Every structure is written in structure tokens, then in C-alpha cells.
Amino acid sequence: MSVLAIAEHRRGELRPVSIEQLAAGRDLADELGGELHTAVIGGDVEAFGADLNREGVDTVHTVDIGEEFNHDVYTQVVTQLATELDPTVLLMPNSVNGLDYAPAVANRLDRPLVTDVVDIDAEDGLTATRELYGSKTETTIDVHAEQAAVTIRPAEWPTIETDGDAAIEAFDATVDESAVKSTVKGFEEVGGGDIDITDADVLVSVGRGIEEEENLDIIHDLAEALDATVSGSRPLIDNGWLEKDRQVGQSGKVVTPDVYIAIGISGAVQHVAGMKGSDTIVAINTDPNAPIFDIADYGIQDDLFEVVPALTEQFQ
Amino acid sequence: MKILVTVKEVAAVDDEFEIDGLAIDDRYVTADLNEWDEYAVEEAVQIKEAHDDVEVVTVTIGPSETDETIRQALAKGADRAIRVWDDALEDAGLLDPETKAEVLAAVAAEEDPDLVLTGVQSADDGFGATGVTLADKLGMEWGAVVNDLDLDLEGGVASVHRELEGGVEELTDIEIPAVLTIQTGINDPRYASLRGIRQAQSKELAEYGLSDVGLDASEIESPLEQTSLYEPETEGEATVFEGSPEETAAELAELLAEKGVTS
Ligand SMILES: Cc1cc2nc3c(=O)[nH]c(=O)nc-3n(C[C@H](O)[C@H](O)[C@H](O)COP(=O)(O)OP(=O)(O)OC[C@H]3O[C@@H](n4cnc5c(N)ncnc54)[C@H](O)[C@@H]3O)c2cc1C
């Protein structure tokens with residue numbers, strides 16, 4: 001009745017979700033009356049292993065194979081770890097890389113997979129909470145299986161700051177090289193334009209609610225009146241209406257301005273990941289149920305095409 | 001060469017809605033082609049246009065009501081479509097990624113594609129796991145969250161960019177056959193032309209039941225059961241300005257001025 005959480009790192013750093021998983025994992029292990037294991041694969045496993053030794057962890061497994069993430073290697077190693085340790089719940093991050101190996105591992109272990117979980121408990125069988133329809137609703141899911149694989153949404157659980165006294169053990173995994181059919185060639189930084197939205201004190205951020213590229217004029221007018229910088233949600237960047245380095249979010253920039261004005265942005269989790277640290281968040285959206293209002297400090301539930309010009313006028 | 005593209009009809013929910021049991025009441029739901037799948041279809045059609053002898057086949061799990069949505073993909077250039085549905089799938093409840101992948105794998109085994117493109121996730125249930133599960137079931141290589149694709153058919157390699165978090169992309173070479181899950185922004189999906197829409201009407205849309213693809217109902221029993229659906233309690237403590245646009249704008253302007261925002 002144990003829990004195994006697989007850590008994630010990139011370019012020499014553990015990613016925060018690796019520690020957040022430990023909080024989720026400790027709760028689950030307590031409910032199951034078992035141990036919490038965590039494992040790290042590749043890179044500086046000694047340093048990562050020491051860092052993962054947080055309060056509540058029973059054993060840290062280090063697997064000294066490779067430098068960076070490779071899904072073929074991770075799939076094989078995590079499958080071996082889970083086969084050996086036989087955890088009731090296998091936790092992995094719901095990150096881009098998590099989603100690049102967790103489904104294959106679950107398939108090989110013949111375990112059900114529940115992804116992007118925001119809450120989970122094992123009190124009476126495993127029950128996971130997920131969001132549906134872009135966070136407008138939540139749903140609970142009962143897992144009818146003895147053992148499961150689960151991916152955890154980043155930033156939903158606290159990080160554990162206190163050191164632990166876990167056993168740190170090296171795990172010997174064997175990798176079948178002939179089954180490694182992908183090669184990571186390197187990384188590339190996106191963007192590199194002239195403006196740095198992470199520098200701005202005030203961001204006027206625009207989303208799909210703007211409907212047409214021509215309509216962006218009213219956003220630029222407002223930004224000018226406020227002496228603010230324009231940023232946006234992903235669809236605008238995908239459409240080519242704004243440059244790539246103006247994208248706020250998980251795959252874009254993380255911004256922390258004094259004021260963030262979200263206009264016609266629903267507040268999808270991947271967007272919120274990039275702006276929730278802003279000092280003051282203002283949302284203008286017609287949908288009173290839009291998840292952006294959950295994190296906004298101030299809101300106007302009305303049509304942006306009426307509110308934005310009126311607001312611009314106030315500053316002229 | 002054959003490219004199989006998984007496409008799905010997803011539900012978009014109105015601003016105001018009511019929940020009826022475990023689902024949103026039909027009156028508040030509109031159907032649309034999954035956003036991520038649109039990019040996958042476009043990518044397949046672009047490959048077809050760039051190479052000789054490429055066939056693009058779409059596959060969908062869903063009832064006959066989804067045909068109209070599937071025809072959008074045909075209108076944008078897919079050659080033919082396959083749709084799988086029957087009573088057993090209807091009764092299966094929550095279709096988890098494994099169950100979906102099982103059905104899609106059965107179709108893929110029949111079609112024997114060189115490349116499978118799926119969307120990164122579907123906009124409604126957002127599992128984000130069907131593509132990679134499918135790859136593993138087929139014994140194919142894969143890549144998740146691909147936002148750039150360069151195919152070397154002779155070399156048997158797909159050079160992709162995988163979009164990681166924080167504005168970083170991973171450059172990876174993947175042996176084909178492979179399943180790639182396609183991220184929005186990889187291309188610029190076309191609108192269906194009138195001619196495309198007309199042609200789509202005469203393209204083949206094959207309907208299969210589970211037994212037609214060699215499965216029986218016991219193989220699609222989902223271990224996941226949805227037990228509730230509800231509107232999350234808003235944790236938000238947003239101060240909502242009330243009134244006409246002029247009034248709310250004036251209040252917001254005053255607030256912004258207090259925060260030191262001036263022209
Ligand atoms: C792996 C991955 C990474 C991602 N990374 C990012 C990222 O970095 N950044 C990002 O933003 N997204 C990202 N996304 C996409 C994300 O899931 C959402 O699709 C996206 O954020 C939605 O953008 P939006 O809010 O502008 O559009 P929508 O969700 O379509 O919302 C539009 C909003 O506008 C409102 N609206 C419509 N008309 C009006 C009007 N007249 N007046 C006022 N309001 C109106 C609507 O009520 C709605 O709330 C990522 C997705 C994935 C899968």
C-alpha cells in the first residue's frame with residue numbers, strides 16, 4: 001500500500017511539481033497506511049536525490065541514466081520501478097513531459113490512468129477530482145482498480161520546505177537501447193523580440209473574446225492611454241495577431257506586473273499559470289462563470305467592446 | 001503513405017448553464033470539432049499536399065450526430081472518414097484514454113498508417129493521454145505536444161519541436177511510424193472552401209461497430225466512473241463593479257488611478 005512519485009527536472013533543475021507531488025503523495029500514503037517513495041531519473045541524481053529528501057518521504061530512489069528527459073528511457077525505467085516497488089498509486093506530473101511518458105507507463109502496467117488531477121483521496125477506494133469544460137465544472141471520478149496511475153496538476157499542492165530523513169537508494173534499471181527510438185537533439189528558447197512583457201508594470205492582456213484581429217485596435221488604444229504593455233492569451237499568438245513573446249502562460253511567459261487586466265480571457269489553467277502572481281488582477285469578461293473571476297481581484301462582467309472604449313476615454 | 005488523424009466532436013458550454021445529473025443539460029451545449037484536432041487535420045493535409053500518394057483518413061469515436069463535425073475535416077481535405085460507435089460504447093459511461101485508445105488501435109491495426117496525428121487534448125475532458133496510449137498499444141514511437149514537424153520520409157524520421165513549459169522547446173528526432181500529438185499554433189488551419197464542403201458530402205464516411213473492428217464489449221469496460229458533476233465553488237473574492245459600461249469603466253479607472261496607473 002505505498003505511493004511512488006516520479007520527479008521531473010530540466011536543464012539541471014528539479015521542477016516544483018516534483019516537490020508538490022510529495023505533499024499529495026504523503027496524504028495518500030497516510031490514507032493507505034503505507035510508505036511514500038519518490039524517484040528521480042537522469043541528470044545529477046545525487047543532488048536531486050538530496051533535494052527530494054523532504055519531510056514525509058520514506059525512500060528516494062535515484063536512477064543514474066542519461067542527462068535529460070527521454071520518454072523511451074523514462075517509460076522503461078518507471079515501468080521497472082513500479083513493477084519492483086508495486087505502489088498502489090503511481091504519481092507523475094501533469095506536465096508536458098509527464099504526458100509524454102505517463103500514458104505509456106500506465107498502458108504497460110495495465111493500470112488505469114487519471115490525468116490532470118486537482119484533488120485525490122484514497123480513503124474509500126481511489127477518488128480523483130478533475131475539471132471539465134475548461135474549468136467551468138468539476139467532476140469526481142471513482143477508480144475501480146486496485147492500483148492506478150495518476151498525473152498531478154502543477155501548483156495545486158503546497159511544496160514541502162522541511163528536510164526529511166529518507167533512505168536514499170540507487171536503483172539499477174536496465175534500458176533496452178533498441179527500444180529507444182527518439183533522440184533529444186537540444187532545446188530552443190522561443191521569442192527574443194524587442195519587448196519584455198515580464199518587465200512591464202501594467203499589462204493589458206487580451207484573449208479570444210476580441211474575435212477579430214481588426215478589433216485589437218481598441219486594446220492598443222487602451223494600452224496607450226494607460227502607458228501599459230499589451231500581452232495576450234495563446235489563441236491570439238497562434239493566430240499570429242500578437243508576437244510570440246507576448247504570450248502569457250504555461251508555454252509563454254510568467255508575468256508579475258502590478259496590474260494585469262485580462263480582457264476576454266477565460267482563465268484556462270495554462271493561462272493562469274503565467275499570471276496568477278500579478279499584484280492586482282482585473283478581469284473584463286461577459287461570462288460570470290469564467291474561471292478568470294476565481295483569481296481576479298476586480299471584475300467587470302460585461303461586453304469588452306463597450307467597456308474597453310469607455311475605460312480608454314476615462315484616461316484621455 | 002497513409003496518415004490517420006483522430007478527430008473528436010467536443011462540447012462547448014454556454015456562459016450560463018444547468019447541470020442535469022452527470023452532464024450539462026443539452027440546451028446549453030454546442031458541438032464543435034476539437035480545436036487541437038483541427039491543427040492535426042491541417043498538418044496531415046499539408047503533408048498530403050507536399051508529397052505524392054498520401055492518403056489522409058480520419059477516425060472518430062462517437063454517435064451518428066457527430067457526422068456533421070467529421071465532415072468539417074473532410075471538407076478541409078481529409079480523404080475519407082471512419083466512425084466507430086455502438087450500444088456498448090454508448091453504455092460504457094466515461095470513456096477513459098485507455099478505452100479510447102483500445103478502439104482507435106483496433107482501427108489503426110486495420111488501416112496500417114505510417115503516421116498517426118492526434119490533438120494534444122480534447123477541449124471537454126482534457127485527459128491529454130489518448131495519443132501516447134494509442135502509440136504504446138500499437139508499438140509505435142510517439143511524441144507529445146508537437147508544435148513543429150519536419151518529415152523525412154526516406155530517412156524514416158520526424159524531426160519535431162515539443163513545446164515544453166516556460167517558452168522552451170525540445171528538439172527531438174522520432175523514428176516513424178509514430179503517433180504525434182499536435183499542439184495548436186503548429187500551422188494555420190484553413191477554412192473549408194465551398195467546393196471542399198460540397199466534395200465532403202460525397203466522401204466516404206464508414207460506420208463501424210465494435211465487432212467490425214474486432215473488439216467485444218468486455219474489452220472496453222472503463223475502470224473510471226464519473227460520480228458527480230458540479231460547478232466549483234468560487235474561491236474568488238473579486239469585487240465586481242456593477243452598472244452600465246460607462247459606470248463600471250469609471251469605477252475601474254478610479255481604482256487604476258489609486259494603484260498608480262495614469263496616462
Ligand atoms: C500544453 C498546453 C499549453 C498551453 N499554454 C498556454 C499558454 O501559455 N497561454 C495561454 O493563454 N494558453 C495556453 N494554452 C491554451 C489554453 O488551454 C486555452 O486554450 C487558452 O488560454 C484560451 O484562451 P482565451 O482565454 O483567450 O480563449 P477562450 O478560452 O476561448 O476564452 C475567451 C473568453 O472571452 C470571453 N468573451 C467573449 N466575448 C466577449 C466579449 N464581447 N466581452 C468580454 N468577454 C468576452 C468569453 O466569455 C471567454 O471567457 C495551452 C494549452 C495546452 C494544452
Side-chain angles (χ1 to χ4, degrees), chain A residues 95-96 99-100 103-104 107-108 112-116 132-134 136-145 181-191 202 225-227 237-238 250-253 258-259 280 282 286-287 289 293-302 306-307 310-311 314-315, chain B residues 11 13 15 19 94 96-98 123-129 132-133 135-137 141 143-145 161-175 184-185 223-232 234-236 238-241 245-246 248-250 252-253 255-256 259 261 263:
Chain A
S95 57
V96 171
L99 289 175
D100 197 37
N107 186 53
R108 286 179 197 188
L113 172 69
V114 198
T115 60
D116 202 17
L132 272 184
Y133 309 111
K136 281 193 181 182
T137 61
E138 266 182 20
T139 183
T140 46
I141 291 181
D142 282 358
V143 184
H144 299 293
K181 293 182 172 165
S182 64
T183 316
V184 178
K185 298 281 187 186
F187 298 94
E188 203 171 276
E189 226 78 42
V190 183
V202 183
L226 297 180
D227 196 15
I237 283 80
D238 283 346
Q250 172 188 309
S251 43
K253 295 264 167 61
D258 299 335
V259 179
T280 300
V282 180
T286 39
D287 178 4
N289 292 310
F293 287 117
D294 289 345
I295 58 152
D297 301 292
Y298 300 90
I300 295 177
Q301 295 172 348
D302 208 341
E306 299 197 28
V307 175
L311 184 58
Q314 293 284 327
F315 285 88
Chain B
V13 177
D15 290 356
I19 290 171
L94 178 74
D96 69 321
E98 201 274 333
D124 47 9
D125 65 21
F127 274 110
V132 175
T133 310
D136 205 52
K137 281 192 188 292
E141 188 52 17
V145 194
H161 289 206
R162 294 185 52 240
E163 183 193 86
L164 305 179
E165 294 86 355
V168 177
E169 296 183 357
E170 182 198 275
L171 281 48
T172 305
D173 281 357
I174 292 171
E175 285 181 28
T184 61
L224 306 187
E225 184 195 359
Q226 186 189 336
T227 49
S228 71
L229 183 73
Y230 52 91
E231 286 184 63
T234 60
E235 301 138 28
T239 304
V240 176
F241 298 126
E246 289 70 29
T248 54
L252 179 54
L255 169 89
L256 292 175
K259 301 272 171 199
V261 182
S263 49

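Atoms considered below: every heavy atom in the structure, side chains included; atoms not considered: hydrogens, waters and symmetry mates. On a predicted model such as this, the values are computed, not experimentally measured, just so you know. Proteins get letters first, then strands, A, B, ... in listed order; numbering begins at 1 in each.
Summarising the geometry, atom CG belonging to A/Asp258 is positioned 9.5 Å from atom NZ belonging to B/Lys259; distances are rounded to the nearest 0.5 Å. Once rounded to the nearest 0.5 Å, the distance linking NE2 of A/His144 with CG of B/Leu224 reads 8.5 Å. We find the CG-CD distance between B/Leu164 and A/Glu188 to be 11.5 Å, quoted to the nearest 0.5 Å. A/Thr280 OG1 to B/Leu255 CG: the interatomic distance, rounded to the nearest 0.5 Å, is 7.0 Å.
Looking at A/Ala225, the atoms closer than 4.5 Å to chain B (heavy atoms on both sides) all sit in the backbone: N, CA, C or O. Contact of B/Ala250 with chain A is made through backbone and side chain together, with heavy-atom distances under 4.5 Å. In this structure, chain A has no heavy atom under 4.5 Å from any part of B/Ala135. Contacts of A/Val259 with chain B are made by side-chain atoms alone, with heavy-atom separations under 4.5 Å and no backbone atom involved. With a 4.5 Å cut-off on non-hydrogen atoms, A/Val282 touches chain B through its side chain but not through its backbone. For a residue to count as touching a neighbouring chain, one of its non-hydrogen atoms must lie under 4.5 Å from one of that chain's; by this rule B/Glu170 touches chain A with backbone and side chain alike. Interface residue A/Val307: backbone and side-chain heavy atoms are both found under 4.5 Å from chain B.
Proximity of A/Leu132 to B/Leu229: side-chain heavy atoms (C-beta onward) are separated by under 4.5 Å at one or more points. In this structure the side chain of B/Leu252 reaches within 4.5 angstrom of the side chain of A/Ile300, judged on heavy atoms. By the 4.5 Å heavy-atom criterion applied to side chains, A/Val96 and B/Glu163 are not counted as neighbours. Residues B/Asp136 and A/Arg108 form a side-chain contact, since some pair of their non-hydrogen atoms from C-beta on lies under 4.5 Å apart. Using a 4.5 Å heavy-atom cutoff, the side chains of B/Glu169 and A/Val190 are in contact. Here the side chains of A/Tyr298 and B/Val240 are not in contact, with every heavy-atom distance at 4.5 Å or above. For the pair B/Phe127 and A/Leu113, the minimum side-chain heavy-atom distance is 4.5 Å or more.
Among B/Ala123, B/Ser228, B/Ala144, the residue making the largest number of heavy-atom pairs under 4.5 Å with chain A is B/Ser228. Chain A forms the most heavy-atom pairs under 4.5 Å with one residue out of B/Gly167, B/Ala249, B/Pro232, B/Gly166, and that residue is B/Gly167. Here A/Asp142 is the residue among A/Asp142, A/Leu311, A/Asp116 with the most heavy-atom pairs under 4.5 Å with chain B. The candidate from B/Thr248, B/Asp125, B/Thr184 with the greatest count of non-hydrogen atom pairs under 4.5 Å with chain A is B/Thr184. Of all the listed residues (B/Val261, B/Leu256, B/Thr172), the one sharing the greatest number of non-hydrogen pairs under 4.5 Å with chain A is B/Thr172. Looking only at heavy-atom pairs under 4.5 Å with chain A, the residue among B/His161, B/Lys137, B/Glu246 that has the most is B/Lys137. Comparing A/Thr286, A/Val184, A/Asp227 by heavy-atom pairs within less than 4.5 Å of chain B, the highest count is held by A/Val184.
Nearest heavy atoms, A/Phe187 versus B/Val168: CD2-CG1, 3.9 Å. Counting all heavy atoms, side chain and backbone alike, B/Val132 lies closest to A/Ala104 at CG1-N, 3.9 Å. Residues B/Ala129 and A/Thr115 share a closest heavy-atom pair of CB-CG2, 4.0 Å. In plain terms, the two heavy atoms of B/Ala238 and A/Ala296 that are nearest each other are CB-O, 3.3 Å. Contact between B/Pro245 and A/Ala310 at its shortest, heavy atoms only, is O-CB, 4.0 Å.
Looking at B/Arg162, its side chain never comes within 3.5 Å of a backbone N or O of A/Asp100 through a donor-acceptor pair. When atom types are taken as modelled, the side chain of A/Ser182 and the backbone of B/Asp173 share no donor-acceptor pair closer than 3.5 angstrom.
For the residue pair A/Asn107/B/Thr133, the side-chain donor-acceptor check at 3.5 Å is not satisfied. The closest side-chain donor-acceptor pair between B/Thr227 and A/Thr140 falls under 3.5 angstrom. Using a 3.5 Å distance cut-off with no hydrogens or angles, the side chains of B/Glu231 and A/Thr137 do not pair a donor with an acceptor.
In this structure, the side chain to side chain contact (heavy atoms under 4.5 Å, CB included) partners of A/Ser95, at least two apart in sequence or on a different chain, are A/Glu8, A/Arg15, A/Pro93, A/Asn97, B/Glu165. For B/Val13, the side chain to side chain contact (heavy atoms under 4.5 Å, CB included) criterion is met by A/Tyr133, A/Lys136, B/Phe17, B/Ile24, not counting sequence neighbours.
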